[in-house]
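Here's the structure we're looking at; comments come further down.
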Protein chains: 2
Amino acid sequence: MTIARAPAGNATTRGRRAGRRSGDQRELAILSTAERLMTERPFAEISIDDLARGAGISRPAFYFYFPSKDAVLLTLLDRVTAEADAAAGDTLDRMAEDPRSRWRDLIGRFHDTFRAHKAVVLACGQARGANAEVRELWSAVLEHWVRCTQTAIEAERRRGAAPDGLPARDLAIALNSMNERVMCATLAGDGPAVAESGVVDVLLDVWLSAIYRSTTPPSA
Amino acid sequence: MTIARAPAGNATTRGRRAGRRSGDQRELAILSTAERLMTERPFAEISIDDLARGAGISRPAFYFYFPSKDAVLLTLLDRVTAEADAAAGDTLDRMAEDPRSRWRDLIGRFHDTFRAHKAVVLACGQARGANAEVRELWSAVLEHWVRCTQTAIEAERRRGAAPDGLPARDLAIALNSMNERVMCATLAGDGPAVAESGVVDVLLDVWLSAIYRSTTPPSA
DNA sequence: AACAATCTCGACACCCTGTCGAAACGCGCT
DNA sequence: AGCGCGTTTCGACAGGGTGTCGAGATTGTT
């Protein structure tokens, strides 16, 4: 079960209306301005005017490139999730080789991608509360990862490495939800959080315990 | 380790300035209007004007009772967390009696409380992204629950019922984070979520697996 | 040069927030 | 009854954000 994209919104068409000339660089400028500003202050405190000025255009001109501030975030999120999927690669297909290492790869690569785009991930976590589109896109992405996880768990049960128990889908939902929340808290650094250096191993331990009832699952 | 409140903001002083006459009912009217409106649409889409009109007063009068819209939510959150703590009671102190039942009680009671105040919980989940005060209060509450969980895990390890492994605090953070996220998703009904009827058992299974590496931990 | 598609912006209408200061109310007191 | 003093209410304002419109500037093509 290779992780392949089933995009909810096409990244190449989310922004501007069709046709393009020199303004591509302006669009890029808006995106990079957004990513830069998001590292400085919360997404909600960034106005469209900030984005426009940062990209060297006026506020109305911004609307030529994106229909709203949220659309910028959506485009950024598309990129990050695509990158995460690519990083995950075919890890799940080779699970039986060495389950502990494969699950650790999976969690670790997601963590690396999230950490590399910390500002975008945190902004999405914040905007998800206020914006339905962000919420839906995030849900679609999570749904995809849940399905992949579910399939891998079922495969591990089929080969006798993991015991039966909870419906695989429910377990997959719980574990993916945990990862999301824990990684966001660690990246944000607010409230109770696991240290960044240990977060992957903490999550891995819970995944293995929940799936195999052991932290040393058997290879094929 | 009985769950006792260590309030981050005093509910009785968060709202109005000192002194009171008949206006108490107005304050209550604002709170109940807020809870009602939150069941109809997301918190971000409720204006102060909506709250004021719902309570039968003008917008400026609202500011006599609360300094901002967020303060209303904070007050509501204070109530809910106090109720959750009360519901949890001394469950954690009697863990050794029958670990599976006690952990199930704990998770189940939190779930009951959250479900009873669905609108408030979801609104907080949404507002946490945009508002630092909500974020901090929520963090303080979570920190408290994490500490309680951590203490209980350490006690179970000490009596030999649970194996050593992850630092108890890290495990407690991961499990509480999972509960938060999974319960919110289930209540909101958006994206991948566990069915409401099964969510407590799913969470319980992961908790027991992670703490005991077994779903049938030994009694004292 | 002329045309059309692409791009830009000044100006506007609208909504929301937060803060005045003035006025109305309730109530104990003389 | 009339006074005084906190309590409570609201009309009106300033400030800042969003989204839209139509006119004008720029650019590539013929």
Side-chain angles (χ1 to χ4, degrees), chain A residues 12-34 37-38 40-75 123 126-127 129-134, chain B residues 12-34 37-38 40-75 123 126-127 129-134:
Chain A
T12 63
T13 60
R14 194 184 301 292
R16 201 161 75 257
R17 12 189 189 279
R20 59 195 52 212
R21 289 278 167 240
S22 65
D24 277 340
Q25 45 189 333
R26 290 278 153 87
E27 187 168 337
L28 268 297
I30 292 174
L31 289 171
S32 60
T33 299
L37 289 181
M38 288 186 319
E40 298 170 7
R41 57 175 184 273
F43 186 67
E45 286 173 25
I46 298 171
S47 72
I48 289 180
D49 201 52
D50 294 330
L51 259 26
R53 289 188 185 284
I57 56 177
S58 72
R59 198 172 62 80
F62 168 92
Y63 287 97
F64 180 80
Y65 296 98
F66 293 95
S68 71
K69 189 175 70 168
D70 295 325
V72 177
L73 187 58
L74 252 4
T75 301
Q126 293 175 358
N131 181 284
E133 273 187 287
V134 174
Chain B
T12 64
T13 61
R14 194 185 303 290
R16 197 161 77 259
R17 11 189 188 280
R20 61 194 51 214
R21 288 275 168 245
S22 64
D24 277 340
Q25 44 189 335
R26 290 278 153 88
E27 187 168 337
L28 269 295
I30 292 175
L31 290 170
S32 61
T33 299
L37 290 181
M38 288 185 318
E40 298 171 8
R41 55 175 184 273
F43 186 68
E45 286 174 23
I46 298 171
S47 74
I48 289 180
D49 202 51
D50 295 330
L51 259 26
R53 288 190 184 285
I57 56 177
S58 72
R59 199 172 58 80
F62 168 92
Y63 288 97
F64 180 80
Y65 295 99
F66 293 96
S68 71
K69 189 175 70 168
D70 295 325
V72 177
L73 188 56
L74 253 4
T75 300
Q126 293 174 358
N131 181 282
E133 273 187 286
V134 174

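Note that the structure is predicted; figures quoted are calculated from it, not measured. Letters go in sequence order (proteins before strands), and every chain restarts at 1.
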Task: Angle by which the axis turns from one end of the helix from C:dA1-D:dT30 to C:dT30-D:dA1 to the other, five pairs per end, to 10 degrees - done: 20°
Task: Value in whole Å for how far the C1' atom of C:dT8 lies from CD1 of A:Ile30 - done: 12 Å
Open item on the list: Can you give me the closest heavy-atom contact between A:Gln126 and A:Pro42, atom names plus distance?
Closed with: OE1-CB, 3.6 Å
Open item on the list: Which heavy atom of A:Phe62 sits nearest to which heavy atom of A:Ser68, and what is that distance?
Closed with: CZ-O, 3.6 Å
- [ ] Calculate the interatomic distance between B:Glu45 atom CD and C:dC16 atom P; express it in whole Å.
- [x] 11 Å
Task: For atom OH of B:Tyr63 and atom P of C:dG21, their distance in whole Å - done: 17 Å
TODO: Report the distance from atom CZ of A:Phe62 to atom C1' of D:dC21, rounded to the nearest whole Å.
DONE: 18 Å
- [ ] Could you list the residues that satisfy side-chain hydrogen bond (donor to acceptor under 3.5 Å, both in side chains) with B:Ser58, not counting sequence neighbours?
- [x] none
- [ ] Considering non-hydrogen atoms only, spot the tightest contact between B:Ala127 and B:Phe43 and give its length.
- [x] CB-CD2, 4.1 Å
Open item on the list: Could you report the tightest heavy-atom contact between B:Ala29 and B:Thr33, atom names first, then the distance?
Closed with: O-OG1, 2.6 Å
Open item on the list: Output the rounded distance in Å from CZ (B:Phe64) to P (C:dA22).
Closed with: 18 Å
Open item on the list: Distance check needed: D:dT8 C1' versus B:Glu27 CD, whole Å only.
Closed with: 13 Å
TODO: Using atom CG of A:Leu51 as one end and atom P of C:dT8 as the other, report the distance to the nearest whole Å.
DONE: 15 Å
Open item on the list: Within the 4.0 Å limit for protein heavy atoms, which parts of nucleotides 10-17 of chain D are touched? Write it as a string from 5' to 3', B for base, S for sugar-phosphate only, - for none.
Closed with: BBB----S
Open item on the list: Which heavy atom of B:Ala123 sits nearest to which heavy atom of B:Met38, and what is that distance?
Closed with: CB-SD, 3.5 Å
Open item on the list: Using the side chain to side chain contact (heavy atoms under 4.5 Å, CB included) criterion, which residues pair with A:Arg59? Sequence neighbours excluded.
Closed with: A:Ile48, A:Asp49, A:Tyr63
TODO: Could you state the atom-to-atom distance from OH of B:Tyr65 to P of D:dT7 in whole Å?
DONE: 12 Å
Open item on the list: Tell me every residue that passes side-chain hydrogen bond (donor to acceptor under 3.5 Å, both in side chains) with B:Ser47, counting only those two or more places apart in sequence or in another chain.
Closed with: B:Asp50
TODO: Return the set of residues passing side chain to side chain contact (heavy atoms under 4.5 Å, CB included) with A:Ser32 (not counting sequence neighbours), or none when no residue passes.
DONE: none
